[in-house]
Amino acid sequence: MAAAAAASSGPAEPPASVTIDGKEYPTLADGEYDYIVLGTGLKECILAGMLAAARHKKVLVLDQSASYGGTCASPNLTDLFKRFNDGAEPPKGLFEALGRDRDYNVDLIPKFMMAEGALKDVLVKTRVHTSIQATAGFAGIGGCYVFSKTLGKGWFSAGAAGVEKLPATPSEAMSSPLLSMAQKLSLRSFLVFVNGCETPQRGPDGTDLTKTTSRQLYAKFFSSSDADLPQFVGHGMALFPSDEYLDRPASNLVAAIQLYRDSIERVKTSPFIYPMYGLSTLPEAFSRLCAVQGGVFMLRTAVKGLLYEDGKVAGVLAQPEFADEPQAARASVVVADANFLPAEKRGKSLGDVVRAICLTSAPPRGVKTSSAQIIVPQAQVGRRNDIYMSMLGEKQMVCAKGKYVCIASTTAEGKGSLDAELKPALDLLEGDSVIAKFDSTAPLYAPSKDAPEDNVYSTGSYDATTHFESVMRDVAHLWNLMTGETLKDFSVPSPEEAAAAAAAAAESADA
Amino acid sequence: MASSSRAMYHFKVVLLGNSGVGKSCLVNRFVKDTFSPDIESTIGAAFLTQTIALETETVKFEIWDTAGQERYRSLAPMYYRGAQAAVVVFSLVDAESFAGAKAWVNELQKHGGSDIVIALAGNKSDLSHVRKVDRDTAIEYARATGCFYLETSAKTAVGVNELFQQVARRVPKTAAPPRRADMLDTGDSSSGKCC
Ligand SMILES: Cc1cc2nc3c(=O)[nH]c(=O)nc-3n(C[C@H](O)[C@H](O)[C@H](O)COP(=O)(O)OP(=O)(O)OC[C@H]3O[C@@H](n4cnc5c(N)ncnc54)[C@H](O)[C@@H]3O)c2cc1C
Ligand SMILES: Nc1nc2c(ncn2[C@@H]2O[C@H](COP(=O)(O)OP(=O)(O)O)[C@@H](O)[C@H]2O)c(=O)[nH]1
Ligand SMILES: [Mg+2]
């Protein structure tokens, strides 16, 4: 009784039931929100955090899983095994071979952050980077490697397949065995041109790069018989996953190389940084941003369906683990991971991303750093899409001492099996070093293209690229659809500004 | 530069416990020495800091409040990752919250760092006339699980400084965490250069 009295000054009790489209349901959480977000992947958590922090929206976030992250989760050994084996408990032998559960935070998708990329901007604008730095921090990735089928080719040798470190600095470029002397000189003049572009849209000589294709730009610097340099630049530095960019505006290429350059300048060994303890640190940190602003999170809550009124979404039906029947909450906008949506709302699948997570006792052949990204350019192995492999280890707090997490991924091209799609990358692992392997195939969905008529936004899924730039493009696009604001203009008031605004609002509410 | 002779330690401390036991009020009392019954909306930062001077050293706490994510048991692991100490709070006038505290202690001992210091705080001691959890039960439980127990009132401030003083004393000073790798130079951090 006294406890109730003491709590009476808190927020108002939620209503016992919620009525949507004439039907009455038990109340889910507080019963009424501005936005309901389905899923706790990175995109959902960033948007939930941005809505709460910058727009003071009341947000409810639901996920059936017991942990944050959705596709960006970083489960331990037990959870990883269960996810890939229909919930079955892992055999004892797995731990004997790999070590303790608590040492593992294995990402389900292999992505790194470009040190100067769009995700960094949002982390800084929302000040979420401070909470990550205070718990885990970011580590630089040790090196980028590129696969060549003719490594060390010269007058007397045909060369052998293998990986070589991508040069991170101009001086490394000049001594890289990946390039001949003539290529080095061509590359140099190309990079001087890129450095000279004050904006990616305009060359130092005044060329309009939005009206020039990448192919045309290359032709100005590279010999037409040289197939290697465009691959080296487009796939190794600009990190394009296929050759589609060749016939798109060169401004995209220049922007990507400038981002690579700026990011490498910060990290030195590669353009990438990585949040210690796994990628799920990112959605977790954004979930905290949202919660600190009053957002409500419910894990272990199965979404049962969307509820409509007059053709527009009006709420969500969901069942928390602790409840014996589904409950509902109102909201006029729903933002959902594509996996939550019925097929007709997800849009067309753009293909399949295949991934193989390998827990190994040795790094991939040729890798000499404690963490790495390896690119297998498509043309080197007769494909249309690059194959990527990421390697992380104990230093990034993702696995036990002496073990490595190597994840190979690519966009499937109908080669029949996952192993066939990923073969050139998987071949870099010594067969007996692979202790456990977890395969997945995920359809690729784009986010909602236009503002949806029923106010249900799909966040889409995660592509095969090795960084978060495309993820952030999705976030920027969705934010723009929902609020009309660009990510460039997006800002979050400081706690002091927010307190002043809240005080002013309270005053006007009193009046 | 008298202070330079004092060792300075940074510790992360997290508050755990059921919704409504007074965690946010305790943080507010410790950091700002105020009590307002409804403060959730005014916090707005991921964590707050407060410094305590011991005899020979200074301890700076980064204090992480749950931000309400405990309401549906949806705390993110990053929240207690790397914490040197945890304050598990229950309300002396709510027996269920004591059961909740036991569950949180359990969880910490399973997932927290191996030498994490756990304080068990029985809050709302000002409401002693309607008390539901007796002192001996709580002391006995704390002893059995290797925590230390204190009673507090965020409302009257009784026991609050004492609680954090005790935490500061008990955290092993050998393990002062180095400032973590900072690859996101944002102009606002002290030039933390990476490994
Ligand atoms: C209203 C509704 C309609 C659906 N219709 C279809 C359909 O027509 N065809 C189809 O194939 N699938 C449908 N699904 C999704 C289906 O239930 C599976 O969840 C999904 O296919 C799992 O895919 P996945 O393993 O790749 O996703 P995961 O990677 O396992 O899921 C991604 C994220 O979503 C979370 N999640 C997924 N489903 C739910 C849920 N139901 N409740 C709470 N959290 C969830 C996961 O925990 C994770 O965080 C629908 C889901 C909902 C809610
Ligand atoms: N009488 C009394 N009430 C308290 C005390 N601490 C907190 N409360 C009340 O308990 C309620 C919940 O407090 P809060 O700090 O929000 O709890 P939290 O959910 O654990 O963060 C509020 O109404 C507070 O006013 C206390 O020491 N004594
Ligand atoms: Mg609170």
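Just so we're on the same page: letters track the sequence lines, and every chain starts at 1. Values below: every heavy atom of this structure, side chains too, minus hydrogens, waters and symmetry copies. Bear in mind the structure is a predicted one, so any value in this text is a computation, not a measurement.
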Selection residues 13-28 of chain B - residue pairs positive for salt bridge (charged side-chain N to carboxylate O under 4.0 Å, His left out), sequence neighbours left out:
B:Lys23-B:Glu70

Which portion of A:Val128 sits near chain B, non-hydrogen atoms under 4.5 angstrom
neither

Considering only heavy atoms, which portion of B:Arg81 lies under 4.5 Å from any heavy atom of chain A: side chain, backbone, both, or neither?
both

Ignoring hydrogens and angles, state whether a donor on the side chain of B:Tyr80 or B:Glu107 is under 3.5 Å from an acceptor on the partner side chain.
yes

Using non-hydrogen atoms and a 4.5 Å limit, figure out which bit of A:Tyr68 sits close to chain B: side chain, backbone, both or neither.
side chain

Residue pair A:Ser287 / B:Gln69, side-chain donor-acceptor N/O under 3.5 Å
yes

Salt bridge (charged side-chain N to carboxylate O under 4.0 Å, His left out) with B:Asp134: which residues, sequence neighbours excluded?
none

Within 45° cone of B:Tyr141 ring axis and under 6.0 Å: B:Lys102 NZ or CZ
yes

What are the residues of residues 275-283 of chain A, in order of number, with any heavy atom under 4.5 angstrom from a heavy atom of chain B?
A:Tyr277, A:Thr281

Under a 4.5 Å heavy-atom cut-off, does chain B meet the side chain of A:Ala53, its backbone, both or neither?
neither

Between chain A and each of B:Ser97, B:Pro77, B:Gly20, B:Ala83, count heavy-atom pairs under 4.5 Å; write down the option with the most.
B:Pro77

Classify the ring geometry between B:Trp64 and B:Tyr79 as parallel (under 30°), tilted (30 to 60°) or perpendicular (over 60°).
perpendicular

Identify, with sequence neighbours excluded, every residue that meets side-chain hydrogen bond (donor to acceptor under 3.5 Å, both in side chains) alongside B:Arg131.
B:Glu151

Region of A:Asn76 that comes under 4.5 Å of a non-hydrogen atom in chain B
neither

Using non-hydrogen atoms only, which part of A:Ala66 is less than 4.5 Å away from chain B: side chain, backbone, both, or neither?
neither

